[in-house]
Amino acid sequence: MNYLEGLNDRQREAVLDTEGPLLILAGAGSGKTRVVTSKIAYLIQEKNINPWNILAITFTNKAAEEMKERVAVLLDRSVDGMWMGTFHSICVRILRKYIEEIGYNRSFTIYDRDDQITLVRECINELNINKDNYKESAVLSYIGTLKDNMTDPDKFINTNYSDYFKRNIGEIYSLYQKKLKEYNALDFDDLLIKTVELLSKNEDILREYQDKFQYVFVDEYQDTNRIQYKLIRQLSGKHKNLSVVGDADQSIYGWRGADISNILDFEKDYKNAKTILLEENYRSSSNILELANEVIKNNSGRKEKNLWTSNKEGHPIKYIELQDERSEAKFVVEKIDELLEKGFKLSDFAILYRTNAQSRSFEEAFMSRAIPYKLVGGLKFYDRKEIKDIVGYLRVLENPVDNISLKRIINTPRRGIGAATLERLEDYADKTNSSIFNALVHLDDIELSGRARNSLQSFKDIIDHLLVRKDHMSLQEFIEEVINYSGYLEELKKEDNIESKTRIENIQEFVSVAMDFEVHNEEATLENFLADVALLSEVDKTSDTTNVVTMMTVHGSKGLEFPVVFMVGMEDGLFPSIRPDDTDKDMEEERRLCYVAITRAEKKLFLTNTKIRTIYGRPNYAIPSRFIKEMGDKIEKVEDDSSKATIKFTDYRTKSEVKNNRKSSPTAFDLISQPKAKVKVDNKGMDIALGNKVEHSKWGVGTVVQLKERDDGDKELTIAFETEGLKKLLKSIAPIKVIG
DNA sequence: TCACTGGGGATTTTT
DNA sequence: TCCCCAGTGA
């Protein structure tokens with residue numbers, strides 16, 4: 001039984017205890033994935049359970065894939081029939097089969113956040129509500145909360161009738177839901193809600209799935225919300241063989257409605273539930289683990305836990321305070337360089353930050369040094385305009401009543417269909433209680449100018465043509481047809497500039513994504529492809545480039561591990577993020593976030609903060625994170641010795657001057673740490689040598705401490721200035737004078 | 001209809 | 001700082 005090998009007693013117990021509800025409280029790095037995979041393997045091999053009767057819910061699709069693979073390796077057979085995936089993808093699978101029972105069409109569209117925003121805007125406009133008081137994103141998150149609590153819009157309006165603001169929110173919410181239904185679309189929350197609704201309303205379907213899922217696993221249970229909780233209860237309702245795995249200290253999605261009480265109350269909710277604690281950490285050095293414990297113990301209201309390791313003490317944890325983002329990035333990049341020489345691989349490193357916006361300075365630093373990296377999240381491939389446009393076409397072709405997508409593409413590329421024309425169509429759609437697409441079918445019934453009518457007709461012809469083609473082509477061929485026939489590609493080709501070329505490349509990339517999808521999926525239909533595109537998580541979407549440095553938010557790092565971790569931007573206000581109406585609870589979640597970040601590290605951990613952080617292009621003084629203080633003597637502060645400016649030295653002499661080795665007219669420096677700034681140097685520029693004194697009107701006197709020839713022929717010098725504030729974001733730079 | 005412009009807001013975290 | 005949006009004029 002190779003799948004029990006090397007497990008500790010507790011892990012083994014968790015594997016063998018297959019019947020009834022089981023809560024596995026698994027501390028960070030305690031080998032929970034191993035337990036789950038072994039357990040599934042055990043069920044299949046020893047208990048003769050059909051993979052088809054097992055459901056495993058993970059946080060990302062990638063985690064599901066990996067788990068499937070690991071089980072397959074353990075058993076030396078494929079386990080394709082097993083249901084593994086995220087809550088959302090499981091729900092889509094159920095809904096695709098049965099959603100017609102609750103009045104939707106099975107080719108429904110899944111709306112992402114952007115679509116949701118557009119839809120909310122549409123609702124606000126339609127209700128004539130003052131836009132200034134109702135920001136789309138705020139309204140949307142309000143609606144999200146209501147949906148999480150399964151509050152009915154009408155009920156919400158009634159109970160808050162005297163509260164003008166809330167009443168309006170309710171009105172928007174109500175219209176929002178109405179429109180979703182009309183457009184045959186579901187947002188992320190709806191995928192869960194509608195599944196629960198379907199199962200509650202339809203006993204036969206509920207029974208079908210309850211019979212099927214004899215064993216149910218849920219990973220990251222601490223991050224489930226109320227609806228997910230309900231769904232799990234429904235699906236595991238008959239056999240009640242439910243294993244959930246989680247760690248309350250790693251709950252970081254409270255803002256998304258995750259409810260810690262799901263995990264805390266498990267024993268109450270499920271009679272006869274057993275609890276197994278996994279407290280031995282196999283991942284991190286004891287220094288790192290101690291640091292994590294030191295931080296998390298500041299949270300009140302948590303179950304005391306004793307996460308321990310028999311790993312060695314390991315390296316001390318270093319903490320460095322840098323001047324600004326640029327020096328922070330420079331520090332990290334140089335450290336990586338240094339460690340690479342000591343035998344680490346690029347893929348050993350992760351840079352973790354609190355907000356995506358922080359990635360920029362690191363990207364610049366990596367690019368300027370030609371160090372390969374990958375960015376998880378942030379600039380998302382699928383969020384690019386051109387990709388969304390093409391997806392817009394595909395969605396309309398799959399689900400023509402999806403007005404949001406139709407409006408997106410009807411005049412993209414430009415076809416002379418403007419706001420006025422569109423409004424006519426919408427009016428007609430409203431009047432006839434149908435969709436904009438339907439209005440296109442009945443153009444004759446609508447009053448339009450000749451030109452508008454022609455434009456609309458030719459748009460309609462394009463769509464009709466594509467609709468005919470849809471069923472006779474492979475996915476990839478069809479997408480190519482869409483790109484060509486819609487005139488989208490042509491338009492880009494006409495533009496013929498760098499930007500349009502990148503767009504074309506992205507579209508080509510998208511086509512190869514589709515190709516890939518066809519290769520890896522038996523049912524490579526358009527609807528499945530679109531669902532896949534909508535539901536892939538950020539981690540899933542990032543290509544598996546091996547051996548590069550990884551950059552991502554702390555949230556994104558959940559469940560991952562790296563030999564070397566940099567936690568950057570450890571500043572109050574940034575990490576922890578502090579907002580006006582934050583509560584103690586919010587701060588505790590930030591602390592758990594910090595805990596998650598620390599426990600990603602296996603061998604080495606670096607923490608950095610800056611003294612000056614630029615926010616909205618404005619430099620702001622920053623103070624070190626309170627978490628740094630909580631770490632006390634578990635971290636070792638390293639002095640930043642880079643009150644040096646590195647300067648790129650460009651030789652501006654003419655060829656003849658170079659030939660005759662003559663010195664010349666003003667020579668320029670680029671400050672690498674401030675690349676836009678140019679610094680002029682007097683005639684002696686060419687003679688710079690180590691130890692030279694340099695004078696700068698703002699920074700005072702400095703010494704040349706390093707001099708090197710760059711690959712591009714320029715020289716690079718590093719100057720140590722004696723004054724502190726040298727890198728304080730210079731707007732304009734006065735000449736440098738070289739002395740001696 | 002569309003291109004241009006000025007102003008204001010944005011940075012939490014994501015399926 | 002940068003990006004998005006609404007409003008304006010041709």
Side-chain angles (χ1 to χ4, degrees), chain A residues 57-64 85-92 110-114 116-118 121 125 131-132 135-138 140-141 144 147-148 186-192 220 223-225 227-228 251-258 325 352-360 376-378 380 382-383 385 411-423 449 451-452 455 531-541 552-558 569 571 573-580 582 586 589-590 592-594 596-597 613-620 676 729 731:
Chain A
I57 301 173
T58 54
F59 206 68
T60 63
N61 291 295
K62 195 173 188 174
T86 61
F87 275 100
H88 297 268
S89 61
I90 301 276
C91 286
V92 168
I110 301 165
Y111 277 179
D112 65 15
R113 200 189 139 80
D114 276 3
Q116 289 180 291
I117 295 268
T118 313
R121 182 154 50 230
N125 283 337
K131 292 183 193 69
D132 298 338
K135 260 182 262 151
E136 293 109 347
S137 57
L140 194 57
S141 72
K147 289 183 115 171
D148 276 343
L186 284 80
D187 65 14
F188 289 133
D189 293 330
D190 274 354
L191 292 176
L192 306 170
E220 309 284 6
D223 284 324
T224 50
N225 64 24
I227 306 161
Q228 290 164 339
S251 159
I252 54 175
Y253 284 94
W255 52 275
R256 209 170 79 187
E325 293 93 331
L352 305 183
Y353 35 73
R354 181 66 238 272
T355 69
N356 278 308
Q358 287 165 259
S359 67
R360 199 148 143 189
V376 181
K380 299 164 200 166
Y382 291 88
D383 279 352
K385 188 188 172 303
N411 200 31
T412 314
R414 301 257 120 88
R415 305 189 169 91
I417 301 171
T421 310
L422 192 57
E423 204 162 310
S449 74
R451 226 170 84 198
S455 310
D532 207 62
V533 168
L535 293 180
L536 284 184
S537 73
E538 285 317 316
V539 182
D540 301 330
K541 285 176 193 167
M552 61 178 134
T553 63
V554 180
H555 282 90
S557 74
K558 188 168 92 161
E571 293 141 38
L574 186 61
F575 196 1
S577 129
I578 299 167
R579 334 200 75 211
D582 272 358
D586 294 317
E589 181 152 319
E590 292 291 315
R592 289 194 294 271
L593 205 47
C594 182
V596 167
R613 178 153 309 263
T614 309
I615 302 165
Y616 308 143
R618 284 247 165 77
N620 285 77
K676 281 179 191 159
L729 308 149
K731 286 262 149 61

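Lettering of chains follows the sequences in order, A, B, ..., and the numbering in each one begins at 1. What you see below is based on every heavy atom in this structure, not just the backbone, and it leaves out hydrogens, waters and symmetry mates.
Checked by atom type and distance alone, the side chain of A:S141 pairs as donor or acceptor with a backbone atom of A:A138 at under 3.5 Å.
Residue A:R121 is in sugar-phosphate contact alone, with no base atom involved, counting any heavy-atom pair closer than 4.0 Å across all strands shown. Residue contacts for A:F87: at a heavy-atom cut-off of 4.0 Å it reaches no nucleic acid atom on any strand shown.
At whole-Å resolution of the value, CG in A:D223 and C1' in B:dT13 are 11 Å apart. The CG atom of A:D189 sits 9 Å away from the C1' atom of B:dT15 (whole-angstrom rounding). Look at CD1 on A:I578: it is 18 Å from P on B:dT11, rounded to the nearest Å. Going from atom CG of A:L191 over to atom P of B:dT15 covers 13 Å, rounded to whole Å.
For the pair A:R360 and A:E325, the salt-bridge criterion is not met [side-chain N within less than 4.0 Å of a carboxylate O].
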So which protein N/O to nucleotides 7-10 of chain C N/O distances come out below 3.5 Å?
none

Under 3.5 Å, which N/O atoms of the protein pair with N/O atoms of nucleotides 1-4 of chain B?
unit_1, atom_1, unit_2, atom_2, d
B:dT1, OP1, A:G418, N, 3.0
B:dT1, OP1, A:T421, OG1, 2.6
B:dC2, OP1, A:G416, N, 3.4
B:dC2, OP2, A:N411, ND2, 3.1
B:dA3, OP2, A:R414, NH1, 3.4

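With sequence neighbours excluded, the residues that form a salt bridge (Lys or Arg N to Asp or Glu O under 4.0 Å) with A:D114 are A:K388. With sequence neighbours left out, A:D187 forms a salt bridge (Lys or Arg N to Asp or Glu O under 4.0 Å) with A:K147. Not counting sequence neighbours, the partners of A:E571 by the salt bridge (Lys or Arg N to Asp or Glu O under 4.0 Å) test are A:R613. Residues forming a side chain to side chain donor-acceptor pair (under 3.5 Å) with A:T355 (at least two apart in sequence, or on another chain): A:Q358. The ring-ring contact (aromatic ring centres under 6.0 Å, His included) search around A:H555 returns A:Y253, A:W255, not counting sequence neighbours. Residues forming a salt bridge (Lys or Arg N to Asp or Glu O under 4.0 Å) with A:R414 (at least two apart in sequence, or on another chain): none. A:R415 pairs by the side chain to side chain donor-acceptor pair (under 3.5 Å) definition with A:Y393, not counting sequence neighbours.
When the side-chain nitrogen and oxygen atoms of A:T614 are compared with OP1 and OP2 of C:dT1, none of them lie within a distance under 4.0 Å. Distances shown here put a side-chain N or O of A:N356 below 4.0 Å from the OP1 or OP2 atom of B:dT14. A close approach under 4.0 Å does occur between a side-chain nitrogen or oxygen of A:K135 and OP1 or OP2 of B:dA10.
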